[in-house]
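Reading through the structure tokens given below for one structure.
Here the structure is a predicted model, which means the values were calculated and not measured.
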Amino acid sequence: RRIYEFRGPTVMRTIAVYMNGYEHCITSENPHLSGAKSEFFKKHIQNSIPLIKTAIEFAPTVKVKQEMLDLRLRYVDLFGPLRKSQLFLADRILKLAEEEMVRREKEGYSTLRDIPLKRYTYHGA
């Protein structure tokens with residue numbers, strides 16, 4: 001919890017680490033790094049970046065919110081503006097997160113169900 005409140009969501013910290021890896025790989029003279037490995041980082045970053053809108057909206061502190069805004073700017077510097085599909089997904093994720101927060105206020109935090117235990121009997125050894 002302290003790490004979340006100080007540094008933000010894990011997925012956003014992961015994106016930052018992957019951006020470091022991507023920047024290292026694209027400037028590397030090693031063809032394995034500048035080729036397949038940089039594409040690996042790029043794909044992961046581009047698939048995860050739509051979560052940033054929700055991370056900014058639900059940031060626990062002003063400091064974390066600023067870090068998320070800086071991360072979004074860093075993304076734009078590396079890859080350009082978010083694509084329409086990424087923007088659509090970012091809006092959808094934010095809407096679902098807001099709905100979940102409303103649900104949690106009404107019903108409580110846990111989504112665990114009370115499922116009765118099953119007893120299995122095995123015959124033989």
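Here the shortest heavy-atom pairing between S38 and S34 reads OG-O, 2.9 Å. Of all heavy-atom pairs spanning C25 and L33, the tightest one is CB-O, 3.2 Å.
Connection of L89 to L96 is not established within any shared hydrophobic cluster, with ILVMFWY side chains joined at heavy-atom distances below 4.5 Å, either directly or through further cluster members. Hydrophobic clustering keeps F88 apart from I52 (ILVMFWY residues linked when any side-chain heavy atoms are closer than 4.5 Å, directly or through intermediates). Neither F6 nor V17 shares a network with the other; the hydrophobic side chains, linked directly or stepwise wherever heavy atoms of I, L, V, M, F, W or Y lie under 4.5 Å apart, form separate groups for each. Hydrophobic clustering of Ile, Leu, Val, Met, Phe, Trp and Tyr side chains at less than 4.5 Å, counting indirect connections, unites L87 with I93.
Taking the side chain as every heavy atom from C-beta outward, K43 and N47 approach each other to under 4.5 Å. Between L69 and Q66, the closest side-chain pair of non-hydrogen atoms falls below 4.5 Å. Counting only heavy atoms from C-beta outward, the side chains of Y75 and I15 never approach each other to under 4.5 Å. By the 4.5 Å heavy-atom criterion applied to side chains, R74 and N20 are counted as neighbours.
Taking CZ of R7 as the reference point, atom CE of M12 lies at 13.0 Å (rounded to 0.5 Å). How far CZ of R13 is from CG of L71: 12.0 Å, rounded to the nearest 0.5 Å. The CD1 atom of I26 sits 10.5 Å away from the CD atom of E39 when rounded to the nearest 0.5 Å. Distance check, rounded to the nearest 0.5 Å: CZ of R72 to CD1 of I56 gives 4.0 Å. Taking NZ of K42 as the start and CG of L78 as the end, the distance is 10.0 Å to the nearest 0.5 Å. Between the CG atom in D77 and the CD atom in E23 there is a gap of 9.0 Å [rounded to 0.5 Å].
Using a cut-off of 4.0 Å between Lys/Arg side-chain N and Asp/Glu carboxylate O, K95 and E98 are scored as not salt-bridged. We find that R104 and E99 are not joined by a salt bridge, their nearest charged nitrogen and carboxylate oxygen being 4.0 Å or further apart.
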Steps toward salt bridge (charged side-chain N to carboxylate O under 4.0 Å, His left out) verdict (R103, E100): CA-CA 5 Å; R103 186 201 65 76; E100 176 62 15; 2.8 Å; yes

Begin with the C-alpha distance, continue with both residues' side-chain angles, and end with the deciding distance and a verdict on side chain to side chain contact (heavy atoms under 4.5 Å, CB included) for T61 and V64. CA-CA 5 Å; T61 64; V64 169; 3.2 Å; yes

I would like to know whether E57 and K65 meet side chain to side chain contact (heavy atoms under 4.5 Å, CB included); could you show each step before the answer? CA-CA 8 Å; E57 184 70 27; K65 187 172 192 167; 5.9 Å; no

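In the displayed structure, L73 atom CG is contacted under 6.0 Å by more than 12 heavy atoms of other residues, nucleotides or ligands.
The main-chain N or O of H24 is found under 3.5 Å from a side-chain atom of T27 such that the two form a donor-acceptor pair. In this structure, Q86 contributes its side chain and I49 its backbone to no donor-acceptor pair below 3.5 Å.
Contacts of K63 classified as salt bridge (Lys or Arg N to Asp or Glu O under 4.0 Å), with partners at least two apart in sequence or in another chain: E67.
In this pair, F79 and Y22 present their aromatic rings tilted. The plane angle is within the 30 to 60° band. Ring geometry for H44 versus F40: interplanar angle under 30°, hence parallel rather than tilted (30 to 60°).
As a member of the Ile/Leu/Val/Met/Phe/Trp/Tyr network built from side-chain separations under 4.5 Å, L94 groups with F58, M101.
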